[in-house]
Amino acid sequence: MSKDLVPDMIEFNFDNTYAKLPEIMATKLAPIPVKNPKLIIFNESLAKELGIHFSKNENELAKLFSGNELPSGSEPLAQAYCGHQFGHFVMLGDGRAIVLGEHITPGKKRFDIQFKGSGKTPYSRMGDGRAALGPMLREYLISEAMHALHIPTTRSLAVVTTGEEILRETKLKGAILTRVAASHIRIGTFQYVAAKKDVKMLSTLVDYTIQRHFPDLLKVTNRSIALLKRVTDLQVKLICDWMRVSFIHGVMNTDNVSIAGETIDFGPCAFMDQYDPKTVFSSIDHYGRYSFGNQPVIIQWNLARFAESLIPLLDSDEEKAIRIGEEHIDSFDNLFANHFHEMMKQKLGLITNETDDKILIEKILSLMLKNQSDYTNTFRYLINGKLPQEKLLNDPEFLEWEKVWKKRIETNQNKESAMEMMMKTNPAYIPRNHKVEEAIQYYEKGEDASFKKLLRVLQHPYQEDVDLTDYQKPSSPSEKVYKTFCGT
Ligand code: AMP
Ligand code: MG
């Protein structure tokens, strides 16, 4: 943390509503104190956005962001939820996280302030309730990168090391991340209430969620149907955004799907270099369930679980309720395809609608697959003509495609606007796996320079800088990261 920052007071502006829900929804308990907390990262710009003031020294901040001292107004709790993990239904809950409270910004926005790695809770099952430094640095880096890519995401306010060792395959440094989220209500939260067969609570949860996230739906006749539709829309947008920047979440279990439509839980997530829809990095995803190209199918499956949870409220007649749910899930394919088409059109700078757009999109994807092209750099090439060492450029089929595409963006539309749109849609910099792993490994050894540099680069992903070409290169064979881990 920079020396020039001498914060002297943190003041969260808490107004806690989740804590007032019926007690089956959460367990009230404080984080478990740690031995020797040290603040290693603090997100000053996020603190500013949140309107948090300080008048404390670094030591005191370390106590605060480790949970050793609770800020006034906090009402710490661990949330109860369930989830389908890799297709299997499991009772879960915050096993290593504590929501401190809901902070209200000066602009009246509400955010959960949550500690991750803060000790055991009644939902810890076999876990130790703790988190290791590496995965917390990873979440910090990637969530901040997602934010800069203009993708809805939870964010990271601080990382502290705990001064304690935690045992995984080896002994690792313990750490706690402070996560900032629109809320932590998940599909799994609804599944939990549905599993309890508590229709009154289900209705309370629907009302609570609408009040908190979608107040424009308060007046509709059936709030549950409206909620199902809204969450579907947000998830369709989110997954298209992920696919726009080559993001693979890696663990799209229903407990990791935020109702507010934010990207949440950065475990084994990774960005794909060479385009291949079958790409998987997660070490535990043996069958490619959560591969890049399977993400739309999986979100549809998850939304079907959401619809199932809501059945008692979709209609008083159960058969009719099931039909409403099914029809909604059946409409997903079209909804997603349309949104995906629009997103790809933006990536290619296609402003007007022409009959051959679909062919143009499908063709470039198949040419990228055939030539093992770097996804990010190929779209950037269409803007700036730079694409070092790509097989694609020697493929006559691609050269033909490029001719057609160039003609297309110059006909019926303004080329400058097309380029402008492409610059905003196609990042120059993504968190390339080898760079992320390298930065974290150095940090763990006590050298934070490459982490800080990478973070700076990722804060401006659409602004190309000639001095940063190293961050645009896909990994060399020796640098290649084949596997990522859950970080649990
Ligand atoms: P995740 O895969 O990170 O979404 O976590 C799935 C579930 O496992 C959640 O209920 C977590 O709270 C729980 N969990 C993950 N790691 C730990 C840990 N070290 N101790 C206790 N619970 C954990
Ligand atoms: Mg999770």
Side-chain angles (χ1 to χ4, degrees), residues 25-27 29 31-32 34 67 76-100 112 114-140 142-143 146 153-154 156 162 164-192 195 238 248-260 262-270 280-286 289-290 298-299 302 305 483-488:
M25 296 309 294
T27 301
L29 85 169
I32 296 170
V34 298
L77 55 84
Q79 295 184 350
Y81 53 88
C82 291
H84 272 91
Q85 298 196 306
F86 287 89
H88 303 285
F89 188 71
V90 196
M91 280 289 191
L92 296 164
D94 287 333
R96 56 162 173 174
I98 296 280
V99 176
L100 268 193
D112 272 6
Q114 193 209 52
F115 290 151
K116 187 166 172 180
S118 49
K120 279 191 190 167
T121 76
Y123 314 104
S124 296
R125 298 177 294 163
M126 306 298 280
D128 60 0
R130 293 298 183 193
L133 176 60
M136 296 307 100
L137 291 172
R138 207 159 191 282
E139 171 147 352
Y140 189 98
I142 299 194
S143 63
M146 291 297 267
T153 179
T154 66
S156 301
T162 58
E164 294 174 5
E165 278 182 333
I166 63 166
L167 196 61
R168 295 294 180 261
E169 269 114 53
T170 53
K171 282 184 184 164
L172 298 170
K173 271 188 190 166
I176 296 172
L177 174 102
T178 303
R179 172 152 79 182
V180 177
S183 82
H184 286 85
I185 307 168
R186 313 140 193 271
I187 288 184
T189 314
F190 285 84
Q191 289 183 288
Y192 167 77
L238 184 66
I248 305 169
H249 183 281
V251 62
M252 286 172 70
N253 296 332
T254 53
D255 51 301
N256 291 338
V257 180
S258 152
I259 293 295
E262 290 181 331
T263 314
I264 189 166
D265 258 355
F266 300 84
C269 66
V280 171
F281 291 102
S282 168
S283 62
I284 54 169
D285 191 359
H286 305 297
R289 181 181 171 90
Y290 298 141
I298 289 296
I299 202 63
N302 288 344
R305 307 290 77 74
K483 292 253 174 289
T484 52
F485 301 91
C486 271
T488 46

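Start at 1 and go down the list; that is how both ligands and their atoms are numbered. We're numbering straight along the sequence, starting at 1. Computed over heavy atoms, backbone and side chain alike; hydrogens, waters and symmetry mates excluded.
Between D94 and R186 there is a salt bridge, with a side-chain nitrogen of the basic residue lying less than 4.0 Å from a carboxylate oxygen of the acidic one. A salt bridge links E139 with R179: at least one charged nitrogen is closer than 4.0 Å to a carboxylate oxygen. Under the 4.0 Å criterion applied to side-chain N and carboxylate O atoms, D128 and R168 are assigned as salt-bridge partners. The existence of a salt bridge linking K116 and D265 is confirmed by a sub-4.0 Å separation between a basic side-chain nitrogen and an acidic carboxylate oxygen.
At a 3.5 angstrom cut-off on N or O pairs, G127 does not count as close to ligand 1. Taking any N or O of V251, backbone or side chain, none lies under 3.5 Å from an N or O belonging to ligand 1. Taking only nitrogen or oxygen atoms, main chain and side chain alike, D128 reaches within less than 3.5 Å of ligand 1.
Which parts of ligand 1 touch Y81 is read off a 4.0 Å heavy-atom cut-off, strictly below it: atoms 9 (C), 10 (O). The contact set between ligand 1 and L92, taken as ligand atoms under 4.0 Å from a residue heavy atom, comprises 7 (C), 10 (O). Per-residue contacts place Q85 under 4.0 angstrom from the following atoms of ligand 1 (heavy atoms of the residue considered): 6 (C). Taking every non-hydrogen atom of D265 and a distance limit under 4.0 Å, the qualifying atoms of ligand 1 come out as 1 (P), 3 (O), 4 (O).
Separation of atoms CG (L177) and OG (S118) is listed at 10.5 Å; rounding is to 0.5 Å.
Sorting the N, O or S atoms of D265 by how far they are from the Mg ion (ligand 2) puts OD2 first.
Checking side-chain atoms of S124 against main-chain N and O of G95 turns up a donor-acceptor pair under 3.5 Å. For the pair T154 (side chain) and A181 (backbone), a donor-acceptor distance under 3.5 Å is absent.
When distances to the Mg ion (ligand 2) are checked against a cut-off of 2.8 Å, N256 contributes an N, O or S atom below that limit.
Ring-centre distance between F190 and Y81: not below the 6.0 Å cut-off.
At a heavy-atom distance under 4.0 Å, only side-chain atoms of D255, from C-beta outward, approach ligand 1.
Ligand 1 has at least one atom lying under 4.0 Å from a heavy atom of R168. The shell of residues lying under 4.0 angstrom from ligand 1, judged by heavy atoms, includes G93. The closest approach between a heavy atom of G267 and any atom of ligand 1 is not below 4.0 Å.
For atom 5 (O) of ligand 1, no protein heavy-atom neighbour is present inside the 4.0 Å cut-off.
For the residues R96, R130, R125, the heavy atom positioned nearest atom 23 (C) of ligand 1 is part of R96.
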